[in-house]
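The next block holds one structure in the form of structure tokens; read it before the comments.
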Amino acid sequence: MVNSWDMAVERVQERLAAAPALRAVADEEGREFALWDLAACAEGELGEPVDPAAIGPAEEARLRARLGESGREWPGGELYRRRYWLLGGGRPDAPTGSAPTAPAVPVGTVAVDNWTRGAGQLAVSSLYLRPDARGRGLAAAALDRIYRAATAEGLSGYRLEADWAWPRAVRYYLRRGLWVRSWKHTIGLTRMPQLPAYRIREEQDRLVLLVADRPSGAPSGEVWTPLLAAGREGRWLRLDETAAYRQADGWVHDYARSTLALHLALAGRPLVRGPQWWAEAWRWSDGGEPEGLAHRIEQFERFGRRRGADDRTSAPPGTALPGAALPDGALPAPAPAHRPGAVAP
């Protein structure tokens, strides 16, 4: 028996297939799409920008050998998701049915699962753009289209994963206003109608997380309410809650601390409130308190070194040192890493 969510996902896929800036990948294009995924991995994990169209058999074998397990091709693994080309030419925000202003050709990829995850959410993966197509809003437009299609069919938005070791991707998703839901294996992010827009603002050497509220009768129609503020006490984190946060419930209460924690980590701010908190950090290794993120970052970094991080490029200038978020401050800067599913917008 097909449940209502399965039917909703199918209708979402129909909406996306009809969008002018997307085109469903044909069966005969499966291998080509796999090479674009490989190009994304090569750029992220190896620091090698590669033109997907230029990957021949010898180059494919070389890249897959260097990437190891993460570069493995999974025959038949596309059955659980629908794959799309992101098309260049025309306006990325053009309404459905409008005529493009230039020939539309594939410049990127995205995939959407054929069933929901968690609280009725779509899972997005393989979001990637060729370097020459970036900076035009195409990835943002694709994410917006997926969100609108999901919510129009009664689903709770979407979720995706990004690798901590590629801060460019993580920062991109945060700039898009995604909330942090977890960090079990990768950084899990989400956009849901139950979660309001938020901002991170620096005030007197503190980072403050504020959420948008639209109270009845407000002249501007929108008020920004602070929930959490994070500062430094010596080498340790100071985390203050507002009355609005203590009164919040549901997803906002659950994800606000995780979201602020990731912003702190990328800014090189402390994540640990003291030795007693660090001793309990493992309790939040899936998500939640900032000490859990610090604990997980330590594991991400250790795993990266075991995989041979010295064979990859160093972090770009200005990248925060994750070690600044940990008690010993001894960890190196992250090297860029990537999986099919993390973005290269």
Side-chain angles (χ1 to χ4, degrees), residues 40-48 66-72 160-175 178 180-189 200 207 230 232 234-237 239 257-344:
C41 281
E43 181 176 348
E45 291 206 32
L46 305 177
E48 294 186 16
R66 289 194 64 194
L67 288 164
E69 185 67 16
S70 61
R72 178 181 175 187
L160 50 78
E161 308 290 327
D163 198 319
W164 158 258
W166 197 6
R168 174 182 174 183
V170 178
R171 291 178 190 276
Y172 174 78
Y173 289 129
L174 292 182
R175 289 197 305 272
L178 272 64
V180 180
R181 60 177 180 81
S182 66
W183 44 64
K184 185 173 183 178
H185 301 297
T186 54
I187 304 296
L189 301 109
I200 300 293
L207 294 188
R232 182 190 296 269
R235 62 188 296 199
W236 305 109
L237 165 71
L239 184 63
R257 299 170 93 85
S258 298
T259 301
L260 181 57
L262 185 57
H263 280 273
L264 288 168
L266 289 171
R269 302 294 184 91
L271 287 176
V272 179
R273 282 166 282 187
Q276 71 280 14
W277 284 93
W278 183 240
E280 298 290 316
W282 59 272
R283 294 183 181 276
W284 306 288
S285 58
D286 289 359
E289 298 290 349
E291 288 79 13
L293 178 57
H295 173 69
R296 188 58 76 189
I297 287 172
E298 187 178 64
Q299 295 180 333
F300 289 156
E301 292 297 323
R302 186 179 301 120
F303 179 68
R305 289 193 294 272
R306 285 203 307 268
R307 288 193 304 178
D310 57 345
D311 191 38
R312 302 187 220 133
T313 59
S314 59
T319 299
L321 295 177
L326 301 174
D328 60 9
L331 295 177
H338 178 89
R339 300 288 183 280
V343 71

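Treat the numbers as computed from the prediction; the structure is a model and nothing was measured. All residue numbers refer to positions in the sequence shown, counting from 1. Below, all heavy atoms of this structure are taken into account, side chains as well, without hydrogens, waters or symmetry copies.
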Legend entry - Minimum-distance pair of heavy atoms, taken over all atoms of Ile187 and Val180: CG2-CG1, 4.4 Å
Inset, instruction - Run the numbers on Val170 and Leu189 for side chain to side chain contact (heavy atoms under 4.5 Å, CB included), then give the verdict. - result: CA-CA 9 Å; Val170 178; Leu189 301 109; 5.5 Å; no
Legend entry - Side-chain touch Trp164/Leu262, heavy atoms, less than 4.5 angstrom: yes
Inset, instruction - Kindly indicate, with the supporting measurements, whether the criterion side chain to side chain contact (heavy atoms under 4.5 Å, CB included) is fulfilled by Val272 and Trp236. - result: CA-CA 6 Å; Val272 179; Trp236 305 109; 3.6 Å; yes
Inset, instruction - Supply the atom-to-atom distance Leu67 CG to Glu45 CD, rounded to the nearest 0.5 angstrom. - result: 5.5 Å
Legend entry - Distance (rounded to the nearest 0.5 Å) between Leu178 CG and Thr259 OG1: 9.0 Å
Legend entry - Arg171 side-chain N/O to Leu266 backbone N/O, donor-acceptor pair under 3.5 Å: yes
Legend entry - Pair Arg283 + Glu291: basic N to acidic O under 4.0 Å: no
Inset, instruction - Output the distance between atom CH2 (Trp277) and atom CH2 (Trp284), rounded to the nearest 0.5 Å. - result: 5.0 Å
Inset, instruction - Report yes if some heavy atom in the side chain of Leu160 is under 4.5 Å from a heavy atom in the side chain of Tyr173; otherwise report no. - result: yes
Inset, instruction - Might you point out which heavy atoms bring Leu271 and Leu237 nearest each other, and give the distance in Å? - result: O-CD2, 3.6 Å
Legend entry - Interatomic spacing from CZ in Arg269 to NE2 in His263 - rounded to 0.5 Å: 12.5 Å
Legend entry - Minimum heavy-atom distance Cys41-Ser70, with the two atoms named: SG-O, 3.8 Å
Inset, instruction - Begin with the C-alpha distance, continue with both residues' side-chain angles, and end with the deciding distance and a verdict on side chain to side chain contact (heavy atoms under 4.5 Å, CB included) for Leu293 and Leu264. - result: CA-CA 10 Å; Leu293 178 57; Leu264 288 168; over 6 Å; no
Inset, instruction - Identify the two heavy atoms, one from Ala281 and one from His295, that lie closest to each other, and give their separation to 0.1 Å. - result: CB-CB, 3.8 Å
Legend entry - Ionic contact status for Glu289 with Arg273, cut-off 4.0 Å: yes
Legend entry - Spatial distance of atom CZ (Arg232) from atom CG (Leu207) [nearest 0.5 Å]: 10.5 Å
Legend entry - Heavy-atom donor-acceptor pair, Arg296 side chain to Trp183 backbone, under 3.5 Å: yes
Inset, instruction - Assess whether side chain to side chain contact (heavy atoms under 4.5 Å, CB included) is satisfied between Glu298 and Glu301, documenting all intermediate values. - result: CA-CA 5 Å; Glu298 187 178 64; Glu301 292 297 323; 6.0 Å; no
Legend entry - Considering all heavy atoms, the nearest Ile297-Ala265 contact: CD1-CB, 3.9 Å
Legend entry - Short side-chain to backbone donor-acceptor contact, Ser285 and Gly292, under 3.5 Å: no
